[in-house]
Amino acid sequence: MERFNPGEMPTGLPLTPSDEAPASAGSPPQYLEGLNARQLEAVEALDGPVLVLAGAGTGKTKTLTTRIAHILCSARAWPSQILAVTFTNKAANEMRERVNQISTLQVDSLPWLGTFHSISAKILRRHAELAGRNQNFTILDTDDQVRLLKQLVKAEGIDEKRWPARQLAAVIDRWKNQCWLPSDVPAKASGAFDGKAVGLYRQYQERLETLNSVDFGDLILLVVELLRSNEELLADYQRRFRYILVDEYQDINTAQYLWLRLFAQGQSNICCVGDEDQSIYGWRGADVGNILGFEQSFPEARVVRLEQNYRSTSHILSAASALIGNNEGRLGKTLWTDVPGGEKVRLIGHWDGAAEARWISGEIEALAYGTGRRRKYELGDIAVLVRASFLMRELEDCFLSIGLPYRVIGGPRFYERKEIRDALAYFRLAVSGADDLAFTRIVNVPKRGVGEKALVSIHDCARNSGLTMFEAAKVLLRNNEFSGRTAIGLNKFVANVERWSAVLNSGEGDHVELAGRIIDEAGLVQMWMNTKTPEAEGRVENLKELVKSLEKFNNLQGFLEHVALVFENLEDSVGEKVSIMTLHAAKGLEFPVVFLPAWEEGVFPSKRSLDEMPLRGLEEERRLAYVGITRAMEICTVSCAATRMSYGGWSSQVPSRFIDELPNSETQTLSPPGLMGGFSQGEGRLGGHDISNASFSGHSTSNTYSAPGYRRMVQRSRELTAGSGRSIRQESIGAKTEFAGGDRVFHRKFGYGVVQNREGERLEIEFKCSGTKRIMSRFVTAADGTES
DNA sequence: CCAAGGCCGGTTTTT
DNA sequence: CCGGCCTTGG
């Protein structure tokens, strides 16, 4: 159907193309069936601002996509008149797919459905000259950003150690999230970097402009600036975007809010969907205040609450609701389900992280491979969600050792890997010799004798004569400025790049083949094959993968334009596997079975976020806990350990306050065989929960628990940790002895030893069996000399 | 110019 | 305990 062609619509078209309305009048359209009353309300409230507060598992995406379908099917707007914004490409793709599924009209494309960043890039490319760029500007990622800043910091003669470029990048990023250009940075905020940050920010922006580049923050910021200073343009976009939809509204930052508001001031048909209880990105600039203040920002806004949950059992829901009820800054929702019953949230304490991992692996095996009624789950139905990625290690170690197939979601991104970035830099330089950042990155990768000194002289030459670094290198070569090895290496490099770029410009030959040749001739493959580290093989594989992925594009340029913004992580979905990921990565997902380990003070809630902002930090951590629990459909297990190894040391852990906040009525406390929670919780309680009936699964995890030696160790540890308090609100009142050198001590894991040295709380102890370790004094007790 | 060893520091992560 | 980054010695 021609009318749904995504092509550009002329501006100033009739407001309502209703004369061409599809035959949708009469009985309610089929796509509205199956929506509940609230969802229907959210779909049909098309005029004016709408805030949809969509709790976890309440059909948020369904509502959003149906709303788009409804706008289209009722002929309120053309596809090109709908602005639909998400945060991730994944969400955008899913939405596009589901609109197509719902709509029988086969909308092949909604041109303005995408992430904040990709839509901004699209707008910016059209009007690049107004932002001091040309249409082919490149988008720098964090790595490029830091490299560039490092150069500037160095040039300013600032101590790089005291003010690392990373930190400066973070400051600038924060300012951009606030929508502040250098001139907008308020005096009271400009103290960073000894007050030099604003100046560096200004230089950085100038540098970006001359490089014809923007960073991620600029995409939003520059679009706002563009529209603010061009009334015509703004009016044009406001007329175009008749309906605006925003996903995950709780995660937007100030710049994104201003961005949205500019577009929305036209028609005000803006519909934002979000859940303030799932706002977990405050640390990177997201401001919950935006969703809390929606009704002030958009007066007359209609608020629709989606509270019927279709995901979790009632116990899981109630536990999550009770937990999040402890937060102050809420608009308030009460999730409910009409499906009764289900398993209570399971709580269990362990001796240490390894025991916790072992227990989880045993449970997973029972659920997936076990016999009897419990065997109703596939590995793919099960997820382990952790607060921070360092917690994955112990799990992985354990899963590996028992051969339990798992997959880690959200590791390092494909295009952030060194080998990929190097290859991309070669492509960039071949496409544009002016890409100085690419040049600096790879001129000596692999090593070809072009070191710091050579680079500086190339840089100076380029600066002094206004050349690109690539040109400058050629000039210096011609003038014989370099000695033997450097000259040979650089000459070959220059010749290679020129040859590739000639092939590229001739327009002949296959770009996939060229890419392969570049990687090969540059010596990247050779470089990695010569490396003997275990991951080298994988890197060569990744390079092959990169070349293969080029097949989906028409040319190198097109590929590079997309690579910064939309490069999917290739997920290995081969076979059934348990998923391990961070809580952040789990947002938006659901699993029948969820394990939530390491709920311990300091880990979760994380000490650092509490230190940074005690109140806001705690609330965000609590929302993270809420996100975790609400991922579970049927079985949710929260666990903690009494001891955890980190940074090579051991530390004694206290159960998270969030465990206390789960009501007794919705939880059951399990105990691992032969061990009462690892902690000695006074009268057998875990975070205030009675330890009631034993493990649900009936399978016995491991016999090691009942081995006599193990039992003795547990017994011993119980005595030693007795009185360590059942809640963090109660400080440890355990025997706090001051130790001195020469004292004989006992440690639960390492056994008997002698104190060598003391620095405050830190003891250096030489253990009889385990060598010398550094231990906090509270983890050891005085040994009475009765060791056997 | 570069490879090997010491030292410091170390959440969460998308675009 | 690990990895990144800087210093040192070839």
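Within every chain, numbering begins at 1; the chains are lettered A, B, ... in the order of the sequence lines, protein sequences first and strands thereafter. Computed from a prediction, not measured in an experiment: that's the story for all the values here.
- The stacking criteria are not both satisfied for A:Phe87 over the base of B:dT14, which would need a centre-to-centre distance under 5.5 angstrom and an angle between ring planes under 30 degrees.
- If you take CZ of A:Arg608 and P of B:dG9, they are 12 Å apart, rounded to a whole angstrom.
- OP1 or OP2 of B:dC2 has at least one side-chain nitrogen or oxygen of A:Asn444 nearer than 4.0 Å.
- Relative ring orientation between A:Tyr281 and A:His584 is described as tilted, the plane-to-plane angle lying within the 30° to 60° band.
- When heavy atoms are screened at a 4.0 angstrom cut-off, A:Ser609 is found touching base atoms of the nucleic acid.
- Residue-level contact check: A:Ser606 touches the bases, meaning some heavy atom is under 4.0 Å from a base atom.
- For the residue pair A:Glu248 / A:Gln250, a side-chain donor-acceptor distance below 3.5 Å is found, with atom types taken as modelled.
- When only modelled atom types and interatomic distance are considered, A:Tyr626 and A:Asn327 share no side-chain donor-acceptor pair under 3.5 Å.
- Looking at heavy-atom distances under 4.0 Å, A:Glu394 makes no contact with the nucleic acid at all.
- Put simply, CE on A:Met527 is 13 Å from P on B:dC2, counting in whole angstrom units.
- Under 4.0 angstrom from either OP1 or OP2 of B:dT15 there lies at least one side-chain N or O belonging to A:Asn89.
- A straight line from CE of A:Met645 to P of C:dC1 spans 8 Å, rounded to a whole angstrom.
- Among the atoms of the strands shown, only primed sugar atoms or phosphate atoms (P, OP1, OP2) are found under 4.0 Å from some heavy atom of A:Ser389.
- Straight-line distance from the CD atom of A:Glu452 to the P atom of C:dT8: 17 Å, rounded to whole Å.
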*Hey, mind stepping through A:Arg622 and A:Glu661 against side-chain contact (heavy atoms from CB on, under 4.5 Å) and telling me if it holds?*
CA-CA 10 Å; A:Arg622 192 178 279 119; A:Glu661 294 175 6; 2.8 Å; yes
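- Across the protein-nucleic acid pair, A:Leu583 atom CG and B:dT12 atom P stand 12 Å apart, rounded to whole Å.
- Under 3.5 Å, the side chain of A:Arg387 and the base of B:dT11 form no donor-acceptor pair of N or O atoms.
- A:Asp141 comes within 4.0 angstrom of no nucleic acid atom, judged by non-hydrogen atoms across all strands.
- Ring geometry for A:Trp259 versus A:Phe263: interplanar angle over 60°, hence perpendicular rather than tilted (30 to 60°).
- As rounded to whole Å, 14 Å separates atom P of C:dC5 from atom CD of A:Gln167.
- Among the protein residues, A:Glu620 comes within range of no part of the nucleic acid, since none of its heavy atoms lies under 4.0 Å from any strand.
- Using a 4.0 Å heavy-atom distance criterion, A:Lys607 is classed as making no nucleic acid contact.
- The CG-P distance, from A:Leu385 to B:dT11, rounds to 20 Å in whole Å.
- Using cut-offs of 30° and 60° on the angle between ring planes, the pair A:Phe559 and A:Phe427 is perpendicular.
- Nucleic acid contact class of A:Ala121 (heavy atoms, under 4.0 Å, all strands): none.
- Atom CG in A:Asp144 sits about 13 Å away from atom C1' in B:dT15, given to the nearest Å.
- Considering only side-chain N and O atoms, A:Thr486 lies nowhere under 4.0 angstrom from the phosphate OP1 or OP2 of B:dC1.
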